[in-house]
Amino acid sequence: MSASLLHQVLEKRAEILAEASAPLDAALWLGGATAYQVPTERLAVLQSHGPEAPVSWWDHWGHRALVPWRRLRRPVVRLRQRAHIIHTVAQAHRQQTDEALRVHLQSLAQACRRASVTEQIQAEQEALAGVMLAVERIHGFQPHVEQLMGALALLDGDMAEMATGEGKTLTAAMAAIVAAWRGRPCHVVTANDYLAKRDAELGQALFAFCHVTAASVEGDVPPDARAAAYSHDIVYGTAKELLGDHLRDGLALGKNPSRTRFALNAARQDGRLGGDGVVMRGIFQVIIDEADSVLIDEAVTPLIISAQRPDDFLEQAAHEAVRLARDLKEGQDFKIQQALRHVELTNEGLDALQAMAHGLSPFWQHRARTRELVEMALYATHLLVRDQHYVVEEEEVILVDELTGRLAHQRTLSLGMQQILEASQGLPLSSPSEVSARLSFQRFFRLFPRLGGMTGTAEEARGELSSVYRLFTLRIPTHRPVIRLHWPVQLYATQEEKMQAIAESALALLSQGRAVLVGMRSVASSEALYRLVLSMKQDVPVQVHVLHAVNHAQESAIVAKAGQPGALTIATNMAGRGTDIALESSVREKGGLHVILGEANDYGRIDRQLMGRCARQGDPGSVQRFMALDEALIRRFVPRWLRDGWSWLYRKNPRWAQRASDTMLAVAQARAQRQAFRQRQNILKQDIELDRGGF
């Protein structure tokens, strides 16, 4: 390196360091304070993660002992006390002019950035008081105490359970402003791209008043625009986009990123962001909305960055495996375990397969290889259900997220399985991919120095949130009393009888002027119910809408009409996340929105999310569950002897069988949750093992 260039680098570094320690002014805030982050500091938060140190026995059991101790200290009561203090602090500045309040907010931002560890709680409380005043000036209403409690929980690094309709979007925005005032990257993770873009846009006026900038990163944003978006103080996005960009940045930096090279590139660009293909400013604070979905449900599979590599031989093998699988007989050659979603060849099947492969190429003479490929083909044929686990659009297989009902465009099955599924459907085969980088969502979110989350259903997952993410769950009270009515469970012998009863019940309520939302698990079942209702409605003046993965583009329009009198909305689980159903006054007078749980979900949290669509913010509403003896969840997770006993009881005394339905559901969901937890634990262990060799 020449002496002149080295001199320029040192001068630029000194200049950046001076700016980082100098008082902040309005111009610097408008440009984003962290745009002038010291290059080596930025590298520290961008740097590739290394192997995790094993958790010691004392750390593990010490954390478990602290959880009940924290509960004994009544943390929710303490949060309410702090929220009332914030209200009191805000009173002193309520009469200020807008300009004076802006100056006051700048001083609060400086205090947050310079606060020591011991001063941080006080600084954040005063900052929230200032943000609360900004909300009043911009939106014309005062955030209620429960929203301040939620914001404090997020900043404290806890999991806040806030019911549907309690204003989680504003709560996250207030916490994000205070976090951004610390001068470090702040990310707000939402359930999907639509919510990320919507929430970022809704908060623009508030963010500008508080001297911070915000942007959203969606799946279709190109790399150059991503770097610009990540340069903002607050960045909204999904977990998938955030983790994907983190992995790509890690690949761009390489295994051993050079601090000197990184500082040189920053100096050549006047100390600003960009260069070396890196788009993120790093990771520090993350606020997760719908946290149980992001941290629990989406954590089943790791995110993988890969490059496509055409393989003609794999294409031939996929077609051959499907052909062989179709010649085998269920029960004789292979067995299906529905609960475990597993297919296994029997000894007879292995012998039959060996005989069928005898005249094929040498590739198929390897017994273990042939067994693996054919079992994958059997899984694709018998356990992956079209319009439930995947849909086909323009001759392309697109997976469906069963927990949200949304299309997972960026997600594919593992190597071989994707091609076999395509072959089983007679579709063109996609090229297999070669893994460049991978990381589980569990490990990724554990990298953040500050992690806070909120959701309407955290209580059921509090054990896993605590053990995996060290998140303490707090149940924030509702602002108004909940007046939701729970109607008795209705039990039927078959799915057909249940669907008929759901349609009749919905039409009867609609004729009374109510609005009805029916939750189904899959695209196929929601479409089947839709056709049934249309055939039965006759002269009943109803508006029937279907909301699922295939027509998700109309989500906002459908949800906007779901609270009108005579509106029937048949939806998958995507209706339970991020959108509020506004009721017309006539519907409210007749009893509000009625929610029908048409199919039981694997996890009680998902059912509770759907229930939360009604009776929000003091509105009336009612919920009823419909079940069948041959419910898919019951078949998969309840032991055969218990199912048979339940069926016998239904024939002898239907009323007693109906009373036992809650117990059967609890058994099935508990077993499903345990299995999913073990699966996520295995993913985390595999990820840690694979990473011991480096990034």
Side-chain angles (χ1 to χ4, degrees), residues 66-94 108 111-112 115 117-136 139 141-179 181 206 210 285 287-292 450-462 465-466 470-484 608 612 615-619:
L66 283 175
V67 171
W69 170 249
R70 281 200 65 183
R71 292 189 180 279
L72 289 174
R73 297 188 65 201
R74 304 170 68 194
V76 176
V77 174
R78 291 172 178 267
L79 277 184
R80 186 175 290 277
Q81 292 171 347
R82 291 172 63 188
H84 283 299
I85 291 174
I86 290 172
H87 267 275
T88 304
V89 171
Q91 291 293 336
H93 302 277
R94 183 161 276 116
L108 291 174
C112 282
V117 175
T118 56
E119 299 168 340
Q120 198 167 76
I121 293 179
Q122 180 68 24
E124 288 177 353
Q125 288 184 179
E126 294 178 356
L128 267 179
V131 175
M132 172 184 163
L133 292 173
V135 172
E136 291 183 43
H139 298 295
F141 62 85
Q142 184 181 98
H144 50 73
V145 169
E146 290 75 19
Q147 286 177 307
L148 294 175
M149 294 170 64
L152 286 169
L154 292 175
L155 292 170
D156 289 346
D158 290 327
M159 176 63 64
E161 178 175 289
M162 299 180 66
T164 301
E166 289 296 300
K168 292 195 288 291
T169 300
L170 179 60
T171 299
M174 292 192 297
I177 290 170
V178 176
W181 278 350
L206 177 62
C210 294
Q285 169 85 54
I287 295 169
I288 305 176
D289 191 10
E290 306 298 354
D292 61 325
R450 290 180 176 270
L451 167 64
M454 57 183 182
T455 180
T457 50
E459 193 65 21
E460 295 91 338
R462 66 182 182 184
L465 291 170
S466 174
R470 298 294 188 260
L471 283 171
F472 182 74
T473 300
L474 297 170
R475 178 173 284 181
I476 306 298
T478 57
H479 185 53
R480 296 188 179 93
V482 178
I483 53 176
R484 183 181 301 118
R608 197 149 68 90
R616 53 181 291 277
Q617 295 186 348
D619 285 339

side-chain contact (heavy atoms from CB on, under 4.5 Å) evaluation trace for Thr478 with Glu146: CA-CA 7 Å; Thr478 57; Glu146 290 75 19; over 6 Å; no
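Side-chain contact between Leu148 and Leu79 is absent, with no heavy atoms from C-beta onward closer than 4.5 Å. Put simply, the side chain of Val76 reaches to within 4.5 Å of the side chain of Pro477, judged on heavy atoms. Using a 4.5 Å cut-off on side-chain heavy atoms (C-beta onward), Met454 and Asp289 make contact. Here the side chains of Val178 and Leu108 are not in contact, with every heavy-atom distance at 4.5 Å or above. Between Arg616 and Arg484 there is no side-chain heavy-atom pair separated by less than 4.5 Å.
Atoms CG and CG, on Leu451 and Leu471 in that order, are 4.5 Å from each other to the nearest 0.5 Å. We find the CG-CE distance between Leu155 and Met174 to be 9.5 Å, quoted to the nearest 0.5 Å. Here the straight-line distance linking atom CD1 of Ile476 with atom CE of Met159 works out to 11.5 Å at 0.5 Å rounding. Atoms CD1 and CG, from Ile177 and Leu128 in turn, are 9.5 Å apart once rounded to the nearest 0.5 Å.
In this structure, Glu459 does not pair ionically with Arg608, as no charged nitrogen and carboxylate oxygen lie closer than 4.0 Å.
Every residue meeting the side-chain contact (heavy atoms from CB on, under 4.5 Å) condition with Val89, not counting sequence neighbours, appears here in chain and number order: Ile85, Ala129. Partners of Ala134 under the side-chain contact (heavy atoms from CB on, under 4.5 Å) rule, at least two apart in sequence or in another chain, are Leu105, Leu206, Phe209, Cys210. Partners of His144 by ring-ring contact (aromatic ring centres under 6.0 Å, His included), not counting sequence neighbours, listed by chain and number: His479. When the side chain to side chain donor-acceptor pair (under 3.5 Å) test is applied to Gln81, no partner is found at least two apart in sequence or on another chain. Every side-chain contact (heavy atoms from CB on, under 4.5 Å) that His84 has, sequence neighbours left out, goes to Arg80, Val145. Glu166 meets the side chain to side chain donor-acceptor pair (under 3.5 Å) test with no other residue; sequence neighbours excluded. Residues satisfying the side-chain contact (heavy atoms from CB on, under 4.5 Å) criterion with Arg94, sequence neighbours excluded, are Ala90, Gln91, Met132, Leu133, Glu136, Gln142. Contacts of Thr88 classified as side chain to side chain donor-acceptor pair (under 3.5 Å), with partners at least two apart in sequence or in another chain: none.
Of all the heavy atoms in Ile86 and Gln125, the pair that sits closest is CG1-O, 3.6 Å. Closest heavy-atom contact between Ala179 and Gln285: CB-CG, 3.6 Å. Annotation for Ala151 and Thr171: closest pair N-CG2, 3.3 Å, computed over non-hydrogen atoms. Closest heavy-atom contact between Ala176 and Ile287: N-CD1, 3.6 Å. Heavy atoms only, all atoms of each residue included: Asp619 and Ile483 are closest at O-CG1, 3.4 Å. Of all the heavy atoms in Gly453 and Ala291, the pair that sits closest is CA-CB, 4.1 Å.
Here the side chain of Glu161 pairs no donor or acceptor atom with the backbone of Thr455 at under 3.5 angstrom. Counting only distance, with no hydrogens or angles, the side chain of Ser466 and the backbone of Arg462 share no donor-acceptor pair below 3.5 Å.
Residues in residues 82-91 take part in these salt bridge (Lys or Arg N to Asp or Glu O under 4.0 Å) pairs, two or more places apart or across chains: Arg82-Asp156.
Paired with Gln122 under the rule side chain to side chain donor-acceptor pair (under 3.5 Å), one option of Gln120, Glu124, Glu126 passes, and it is Glu126.
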